Amino acid sequence: MVSLLIRQEAELGRPLNRRSQSMVLKEPLVVFVIIAIAAALVLFVLYPLYSVLKTSLMQSDGTIGLEVYRNLLAKSYNRRPLVNSIRLGVIVAVLGTIIGFIFAYCTTRVDVPLKGFFKAVAMFPMISPPFIMSLATIMLFGNNGLITKHFLGGLVNFKIYGLRGLVIVETLAYFPTAYLVLSGVLQAIDSSIEDAARDLGASWWQVFRTVTLPLAIPGIASALLLIFIESLADFGNPIILSGDYQVLAVQAYLRITGLYDLPGGAGLAVILLVPSLIAFFVQKYWVSKRSYVTVTGKPSGQRISRNEPWVKTAALIVCVVLTAIILLFYGTAFVGSFMTLWGVNYDFTLANYRHVFQVAGEYIKDTLFLATVATPITGLLAMIIAFLVVRKQFFGRQALELVSMLSFAVPGTVVGIGYILAFNQPPILLTGTASIIIILFIFRNMPTGIQSGIAALQQIDPSIEEASCDLGADSGTTFRKITLPLIAPAFFSGLVFSFVRCVTAISAIVFVVSGRWKLITVAVLGSVENSDLAQAAAFCVVIVGMVMAAIGIINLLVYQPWKRGPQEVSKKPAISGGAEPWIGTA
Amino acid sequence: MDRYSVELIDVTKIFGHREAASDSIVAVNGVSLRLIQGELLTLLGPSGCGKTTTLRMVGGFETPTYGRILLDGKVINDVPPHRRDTAMVFQSYALFPHLTVFENVAYGLRMRKMDACTISAKTRHALSLVGLEGMEERPPGSLSGGQQQRVALARALVVEPKVLLLDEPLSNLDARLRAQMRIEIRKIQQALNMTSMYVTHDQEEAMSLSDRIAVMNHGRIEQIGTPQDVYARPANRFVADFMGSKTTFLDGTVMSLDGDQVNVQVLDAVLPFEKVPDIAPGDKVELVVRSETVDIVPPGKGTFPARIIHAAYFGSHVLYEVDLFGTNVTAEIPDPQERNMFSRGSEVGINLKTRSIYLLRKVMN
Ligand SMILES: Nc1ncnc2c1ncn2[C@@H]1O[C@H](COP(=O)(O)OP(=O)(O)OP(=O)(O)O)[C@@H](O)[C@H]1O
Ligand SMILES: [Mg+2]
């Protein structure tokens, strides 16, 4: 969702783009593609949401009404999941934003050593399955935890199950969102503005308080809202760690899979959806419009303005502590995957991996198959939609853009419930098939690709495409030969993102998996439910391995290090630390 | 002993690792400068020659790798920018986008903890100085480029710094406004008698507002002197070339010295020039032939025959490009209405205004 911000800046260049918006009616292919995509979006994005809403309005006597909501909201006891979710979201948003801001400030404004390493570690939580943090937390602070039981001898009870544990875990999992947003924002602030304040007599703290912070306020608000949305949607961590602290995403899931109460689950889903959508629209239509357009003409080269020893030292300590904590969690999960029984028997064993590859091998196979099918479709579709939205003028263009972006804000739990409600009977009976999983993957993961595609396209002068048309190529050929190569970096980063999400996401997918098609994230959940943390950790390590391999392969395809030549210059790695739009709800 | 307002002694700035010569950039190389109270010194030079870096070291944003910087006789190498009595006008203006014009200008005063009354009075005075009365409550984003530039100037002036630093303050303005603003800046600077360092790569700007100009190249100062010095008596070919708009270099040989006069063989003629130091018969020299030192006369007259290659009419003058024994020479002829214009291809004669032509000893290499 970082790209939402980037978008706003790119919008300044819009007038240039207008001119190329051709009359689509003269191009039957374009018309056909638009109609097909619109139909698909209605069917696979809007219709499931409509199904959730409809189901939640079904009363026990078969009529339509608000009975479900009355039951869910009447008593304060029943309102608890809503209150809990929002409280958790607010705390995590505030803490995550503070940490993200400090980290962004340290890596953009201060000349700290090992910057690349710190940035890379901060990205870990974005490419790993959501529950890896929870596993590590239990391994460290649980009843049999390494720190609680072995270092502190069980004297202190951390009460890690519940709000406290969730706050720790989600803050670590989602601060990278704030980091990405805010490092983009801080980099966009012309550092000579801060120099000017220094020059006029402001101390470091005064510059920070009177210039840097006020200019970053819109970014901070965005970060708060985005993390709030992510926390609300989080399913993987609370299902493991919430204990008595009931949150909406988990309660909706339990109501449907445990109690078979479809209207109740749907009602909770709608209640979960409302604050997410509010936060989303506030972010999109209010906060992001508030950013200060840079006043000045010729931008000065970015100079890192802080290199006094004490600032450098302080920043270094912050970065080291933060990365050490992250590495401690990941390291714990990694080490734990080689233990016989965490908390009881710390003997080294490969049994967990044997299980993962032998017994659960088909989970890996299925996951790889489904992700490999879904990823290219997602990437291509995203680029086509981005192209249509930026370069073509047609009725409903903005609606198409909005709907395609909606999945950002819709928690996975809501989507999952929507899919089982919408596609479990004729005319569209998809439950239990590979198609429903692939379709879910595509429509869940596409928006990120669309956004980075839009951002990339807006930087490309449309006259390049016009030249192609001028020389006799039609829309389709131009897209294939000219546009696609130019937006290749966005395309590849969309691919990486989509693949990562396929193999790590759980919240939506948990509803549509079946006996026939098995997904590895669901296997982790199974291991956790059997209290086999070590095995769950082994699964997580394998997932992270798959993600790394995928990133490596795609980067290799983009870089093509075996081909040396001038074209190398223009190629960028599919992932570069910066403001990649790497954020979405789990 | 003289106390200088600003003094740079052998200042060097190296970016990157000091030891690893490969990836380090010597941005400023052994620069020494002295400014007296009230003087405006311009750092002039091509892009990347280290002007901004020099200025930023005086402002405190970069620390010199070697050398010392003195303000009013005190070494300030280690004083952070907010404790230095300097104020900078940034190339990008660097206005605070979230503050009004008034608050932008008042910022430095607030940092100095002045009382509200003084702040208001000083701010209004500074704004009136730059002609921005009535704009106090506007956000800077809504101002034109020229107005933003004035806000930036007022913001620096209002704190009454010992040294005013200006980094290409006019480079974002269009030509007409630039000419107008540089006169205004000079007037204000003189009225306040404020020691100033001014960075530009526009030689016309440098000439028209400086007391002295330091011409820089590759991090070094090539020449420092009044505008007349650097224009009429350039220290070397780089300065000569950089200062004129169209300069041609003609080779010559010193034939004889004759009091204040040197006779130099140029092409097929021997012409008298004003004497320059350290020159002896037999020396090879270069004539700094600026376009205004070439006169074009009807064919058959003049010292040399030549042919017009190109003519461009500017209203106030005509620029001719002529072929002089295979060398292209540019000639600027004023007031074309008064004379006949020559057309392309026509044969003409050429006179050199030898009094205005400076001689450089030719450097052999
Ligand atoms: N922070 C920095 N790190 C590394 N190199 C730098 C840095 N700042 C400047 N340089 C280099 O130092 C040299 C001088 O830069 P400087 O900005 O002083 O040039 P300038 O004369 O102001 O040029 P311009 O007219 O383009 O503004 C350039 O080669 C530049 O690339
Ligand atoms: Mg500069």
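Since the structure is predicted, the reported quantities are computational estimates derived from the model, not experimental observations. These values consider heavy atoms only, across backbone and side chains, with no hydrogens, waters or symmetry-generated copies. Note on naming: letters A, B, ... go to the chains in the order of the sequence lines (proteins, then strands), and numbering restarts at 1 for each one.
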Is it true that atom [atom1] of [X] has more than 12 heavy atoms of other residues, nucleotides or ligands lying nearer than 6.0 Å?
X      : atom1 : result
B:R68  : CZ    : no
B:H82  : NE2   : yes
B:E204 : CD    : no
B:E133 : CD    : yes
B:R220 : CZ    : no

Task: Salt-bridge present (B:R56, A:D195; N to O < 4.0 Å) - done: yes
- [ ] Using a 4.5 Å cut-off on heavy atoms from C-beta on, say whether the side chain of A:V211 contacts that of B:Y107.
- [x] yes
TODO: Verify the distance criterion only: is there a donor paired with an acceptor across the side chains of B:Y93 and A:S192 at less than 3.5 Å?
DONE: no
Task: Any donor-acceptor N/O pair, B:R83 side chain to A:S203 backbone, under 3.5 Å - done: no
- [ ] Examine distances only and state if a side-chain atom of B:H98 and a backbone atom of A:T210 form a donor-acceptor pair shorter than 3.5 Å.
- [x]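 Checking the backbone N and O of A:T210 against the side chain of B:H98, a donor-acceptor pair under 3.5 Å is found.
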- [ ] Please look at B:R155 and chain A and tell me whether the side chain, the backbone, both or neither of the residue comes under 4.5 angstrom of a heavy atom of that chain.
- [x]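 When you check distances to chain A, atoms from both the backbone and side chain of B:R155 fall under 4.5 Å.
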List the atom of [X], the atom of [Y], and the distance in Å for their closest heavy-atom pair.
X      : Y      : result
A:R198 : B:P80  : NH2-CB, 4.0 Å
A:I193 : B:P97  : CD1-CD, 3.9 Å
A:L200 : B:M111 : O-CB, 3.7 Å

